[in-house]
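Keep in mind that this is a model prediction, so the values were computed, not measured. All residue numbers refer to positions in the sequence shown, counting from 1.
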Amino acid sequence: MLLAIDAGNTDIVFGLYDGQSWLHQWRVPSREAPSTEAWQYRLVSELFEKGIQLGDVKQAIISSVVPDLTQPLAAMLRQANGIEALIVGPEVYPQLELEVLNPDQIGTDLVANALAAYHRYKDHCIVVDFGTALTFTTISAEASILGVAIAPGLKTAIRSLFQDTAQLPEVPLQVPESAIGKNTIHAIQAGTMLGYIGMVTHLLQYIKEELSAPDCKVVATGGLSSVLKPLSTQFDRIDPLLTLDGLVLIDAQARQHT
């Protein structure tokens, strides 16, 4: 059994893969950074609730865009079960079926997304990841990551209003019926939710035009990938587990070379 860990700026996502499907996934806020022993206790507790023994986990892979989390998570696995986790990074990329440009700059989660999308379509594709940042990763038909566009994520944008503006209320992540806000909450929803719909739509249009590939496949992922309902027609697939699927592929392809 493989334990895949995707450590992001907002959440750490854990997934247990039995070789055929995902048995269980859970999230822990990234700001909760306990000791190695506490991580170990939480892992054992989570597995126990699902009737899984720690010894059943034979392999692990870690993708982390938070350097302070990488080694504590690796140490937790090492101490808990003697597992030496595969840590995704530039030294792993040459072993993949996908060429990674600027390997020292691109997030490991974006590489996992790109690999999973390309493995599915074997053609031009774009991955839109709705996370702490909103990212558009473009992959060529020749198995190469062409580049990335990055914007603040939806929650990040709304949070910035709270930080810099007094007396704003909490705002539900709901698409309003009108672009003309009649109160403060609706006004923020109109500006952010409808604004992001426009941004995603137009960025996808620009990218497809640059690729000269109007039928380019588009995959959405991330915790907020299903929030903006009007965007569903822009996506060929919404796959919340895309990053974890990519980690399974990275693990398999990297271990073939060891």
Problem set entry | Spacing of CD1 belonging to Ile150 relative to CZ belonging to Phe136, to within rounding of 0.5 Å | 11.0 Å
Exercise. Do we see a donor-acceptor contact under 3.5 Å between the side chains of His24 and Glu46?
Worked result: yes
Exercise. How are the rings of Phe14 and Trp26 set to each other: parallel, tilted or perpendicular (split at 30° and 60°)?
Worked result: parallel
Exercise. Any side-chain heavy-atom pair from Ile61 and Tyr17 closer than 4.5 angstrom?
Worked result: no
Exercise. Between CZ of Arg27 and CG of Asp11, what distance do you get to the nearest 0.5 Å?
Worked result: 5.0 Å
For this session: May I ask you to decide if Asp239's main-chain N or O and Thr221's side chain share a donor-acceptor pair within less than 3.5 Å?
Result: yes
Exercise. What do you reckon, is NZ of Lys155 surrounded by more than 12 foreign heavy atoms closer than 6.0 Å?
Worked result: no
Exercise. Do Val88 and Tyr93 touch side chain to side chain, with heavy atoms closer than 4.5 Å?
Worked result: yes
For this session: State the CD1-NZ distance between Ile185 and Lys182, to the nearest 0.5 angstrom.
Result: 15.0 Å
Exercise. Under 4.0 Å between a Lys/Arg side-chain N and an Asp/Glu carboxylate O for Lys122 and Glu97?
Worked result: yes
For this session: Could you verify whether a donor N or O on one side chain and an acceptor N or O on the other, from Thr156 and Thr132, lie under 3.5 Å apart?
Result: no
Exercise. Would you call Ile207 and Glu210 a side-chain contact if the rule is heavy atoms closer than 4.5 Å?
Worked result: no
For this session: Of all the heavy-atom pairs spanning Leu77 and Ala85, show the shortest one and how long it is.
Result: CD1-CB, 3.8 Å
Seminar exercise, completed: For Asp56 and Met1 the tightest heavy-atom approach is O-CB, 3.2 Å
Exercise. Can you tell me if Asn113 and Thr243 form a side-chain donor-acceptor pair at under 3.5 Å?
Worked result: yes
Exercise. What is the minimum heavy-atom distance between Val66 and Gly8, and which atoms define it?
Worked result: CG2-O, 3.3 Å
